[in-house]
Amino acid sequence: MLEDKKFYIQTHGCQMNEYDSDKLDDVLQHHFKMERTNQPESADLLFLNTCSIREKAQEKVFHQLGRWKKYKSNNPNLLIAVGGCVATQEGDKIKSRSPQVDIIFGPQTIHRLPKMIEDVIHKKRELQVDVSFPEIEKFDFLPSSKKKAPSAYVSIMEGCSKYCTFCVVPYTRGEEVNRRFDDIIFEVSNLSKLGAKEIILLGQNVNAYKSENHMKDKVYFADLIRYVSHIDGVERIRHTTSHPIDFGEDLINEYKNPKLANNLHLPVQSGSDSILMRMKRKHTSLEYKSIIRKIRKIRPDIHLTSDFIIGYPGETDNEFQETMDFICDINFTDAYSFIYSPRPGTPATLEKDDISMETKKKRLCELQNIIREQAIAYSKSMNGTRQSILVEDRSKKKLGEYFGRASNNKIVNFKSKENYIGKFVDVEITSVKKNIVYGELIDQKIEKEKYNTRSEVAK
Ligand code: SAH
Ligand code: F3S
């Protein structure tokens with residue numbers, strides 16, 4: 001009945017949502033042989049995969065559903081489904097704000113969608129809601145991915161049990177649940193056979209990962225990285241996101257593994273110990289510094305990024321200054337920074353938030369300026385270095401130009417006559433303009449140098 005119909009997915013938020021949307025794609029193609037379109041106006045099923053991490057992200061959901069309403073008036077058979085964290089948090093309340101919605105599902109119930117879709121069709125469009133957390137059953141019921149991509153995400157754990165005072169994730173995605181070790185290894189092997197060269201291990205707190213292998217031995221995140229790096233065809237491993245309190249010596253030592261990429265995203269939120277304590281981050285700024293010092297001993301040029309929250313309730317000038325000093329001390333080479341957004345049901349909403357929006361914006365701007373300077377300095381330090389790039393795509397703006405990522409996760413642009421998409425190439429970084437990195441293919445460079453020498457001889 002749904003065969004040959006088309007679906008459209010719009011994804012908001014983090015990489016976990018991107019991953020879930022890919023899985024949604026697999027489920028629909030596998031169960032219904034439906035086709036994905038990037039034109040919502042021609043779709044028979046519209047999916048919105050939502051994010052509720054900050055208020056702005058949440059508001060985007062209702063604006064988008066408003067825009068989709070007109071498609072439904074043109075096509076009454078159109079189905080609209082809302083998934084992700086807003087779906088979990090708001091549940092069937094979404095229906096009262098957006099009555100055009102037919103299905104509401106959570107991040108852990110993607111695999112139940114085929115049944116929900118069939119039910120909504122057969123039960124004459126009665127609203128279907130399932131935002132429960134059925135442990136990790138999702139992975140047992142999802143079809144294995146058939147996608148051929150040079151870089152592939154693999155979810156290793158779901159949810160978060162850290163309960164930082166400002167964050168909705170433990171309430172929307174549930175507590176930390178680890179995926180079975182053998183299943184992860186199996187999925188990585190399959191992806192590698194399909195051509196994946198880079199594996200991105202994904203979870204809210206990947207370094208909290210613990211499980212057992214087939215011998216019933218305990219395995220932790222560092223073990224998982226090591227096992228994955230031994231799988232044929234896997235040449236580079238990334239991971240996101242980690243929490244400082246689970247960053248043990250075994251994981252730090254794993255940075256000696258050349259397959260582990262040369263970047264680390266380690267959210268810290270604040271450089272002030274009093275704020276870290278109020279946020280219940282369970283570590284101090286010194287403990288964070290100690291992790292970084294040890295990692296930089298192994299990887300002196302690691303690209304180190306973080307997340308910061310500005311204007312946490314009661315943040316004083318002094319506490320903000322501590323964060324600024326911390327940023328300078330550590331020399332983060334990039335960061336995401338956000339103004340604190342009170343999220344319903346989180347403990348931080350009970351704290352007194354008496355800082356004006358003007359002050360918060362001023363602080364954010366100051367912080368972003370310093371981060372930008374550090375980011376540019378890092379990019380410039382790449383000048384003259386040789387980098388191995390996994391080529392992602394052609395440039396949309398410049399003919400004959402391609403781009404890909406270096407091991408440190410920086411995008412590098414380069415010209416090439418040949419199409420190397422999906423392959424590793426060696427590039428020498430030749431210029432950095434406003435934090436945009438350009439390089440030259442080493443082989444082409446050798447050719448050019450030969451040519452120059454010849455023409456000099458000719459002179
Ligand atoms: N470990 C997680 C963190 C998830 S949230 C991960 O996978 O990245 C991502 C970032 O959003 C957090 O690190 C934090 O900086 C920011 N954030 C979370 N809740 C917020 C809030 N209430 N207001 C502003 N920023 C928030
Ligand atoms: Fe959120 Fe803290 Fe977990 S930021 S995702 S509760 S580690």
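Atoms within a ligand are numbered from 1 in the order they appear, just like the ligands themselves.
Ion pairing of K23 with E187 is present here, as a side-chain N (NZ or NE/NH1/NH2) and a carboxylate O approach within less than 4.0 Å. Contact check on D130 versus K115 returns no salt bridge, with no Lys/Arg side-chain nitrogen under 4.0 Å from an Asp/Glu carboxylate oxygen. A salt bridge between D20 and R173 is present, with a side-chain N of the basic residue lying under 4.0 Å from a carboxylate O of the acidic one. Salt-bridge annotation for D26 and R36: absent, with no side-chain N of the basic residue lying under 4.0 Å from a carboxylate O of the acidic one.
Protein residues with a heavy atom under 4.0 Å from ligand 1 are I53, R54, F166, Q204, T241, P267, Q269, D307, I309, F338, I339, Y340, S341, R343.
Side chain of R238 to main chain of S407: a donor-acceptor pair is present (N/O by atom type, distance under 3.5 Å, no hydrogens or angles).
A distance of 10.0 Å separates OG1 of T241 from CG of L264, quoted to the nearest 0.5 Å.
Take a cut-off of 2.8 Å around atom 1 (Fe) of ligand 2: the protein N, O or S atoms inside it are C167 SG.
Listed by first and then second residue, the side-chain hydrogen bond (donor to acceptor under 3.5 Å, both in side chains) pairs that reach into residues 344-353 are Y312-E351, D353-K360, sequence neighbours excluded. Among pairs with a residue in residues 51-65, those fulfilling salt bridge (Lys or Arg N to Asp or Glu O under 4.0 Å) read E59-R97, at least two apart in sequence or across chains.
By the 4.0 Å heavy-atom criterion, R281 is counted among the residues contacting ligand 2.
Between Y255 and H239, the ring planes are perpendicular. Angles over 60° get that label, and only those under 30° would be called parallel. Under the 30°/60° scheme for interplanar angles, the aromatic rings of F332 and Y288 are found to be tilted.
Each of the atoms 7 (S) of ligand 2 lies under 4.0 Å from some heavy atom of H243.
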